[in-house]
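Contents: one structure, followed by commentary.
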Amino acid sequence: MFLPQLPPGGTPSEPVPFAFVAEADAFRSNVTPPPRERASAGQLAARSLLGLTIVAGLVGGLLLGMPALSPAQAPAHTHQSEASDGR
């Protein structure tokens, strides 16, 4: 394996990661990877159920949280203490 050598000045002429990328092109293979396995019906159903559960939880949380997000209404009847009545 060839390792990049530092020039006499001590700093590399190009960053190290790019040197490895340039060398990797020479070692590319023409072998194709095997095709991915198809998901079974049970796996598709499980993924769909998980997705629907997450979406239902988000929608339910939004619906339950909407009253807390709405601006507070002013009370129709203000309560005054009897001590503040005309004395």
Side-chain angles (χ1 to χ4, degrees):
M1 181 171 164
F2 173 76
L3 294 176
Q5 298 292 322
L6 291 177
T11 59
S13 59
E14 67 178 83
V16 174
F18 295 115
F20 291 115
V21 171
E23 288 180 11
D25 288 337
F27 298 107
R28 295 220 173 178
S29 174
N30 61 355
V31 177
T32 58
R36 292 180 59 181
E37 293 183 16
R38 290 184 171 259
S40 67
Q43 288 175 334
L44 289 175
R47 290 177 190 171
S48 300
L49 186 60
L50 179 65
L52 286 173
T53 303
I54 292 173
V55 169
L58 291 173
V59 169
L62 184 64
L63 289 175
L64 291 175
M66 285 300 287
L69 295 174
S70 64
Q73 297 177 354
H77 177 267
T78 57
H79 179 65
Q80 288 184 340
S81 67
E82 294 178 8
S84 64
D85 287 341
R87 279 194 180 209

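When reading the values below, keep in mind they use all heavy atoms of this one structure, side chains included, and skip hydrogens, waters and symmetry mates.
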Partners passing side-chain contact (heavy atoms from CB on, under 4.5 Å) against Ile54 (at least two apart in sequence or in another chain) = Leu50, Leu58

Tracing side-chain links under 4.5 Å among I, L, V, M, F, W and Y, which residues wind up in one group with Val31?
-> none

All side-chain contact (heavy atoms from CB on, under 4.5 Å) counterparts of Ala39, not counting sequence neighbours | Gln43, Leu44, Arg47

When clusters are formed from ILVMFWY side-chain contacts under 4.5 Å, directly or step by step, what else is grouped with Met66?
-> Leu62, Leu69

List for me each residue that meets side-chain contact (heavy atoms from CB on, under 4.5 Å) alongside Val59, sequence neighbours excluded, and say none if there are none.
-> Val55, Leu63

Looking only at heavy atoms, what is the nearest atom pair of Leu49 and Thr53, with distance?
-> O-OG1, 2.7 Å

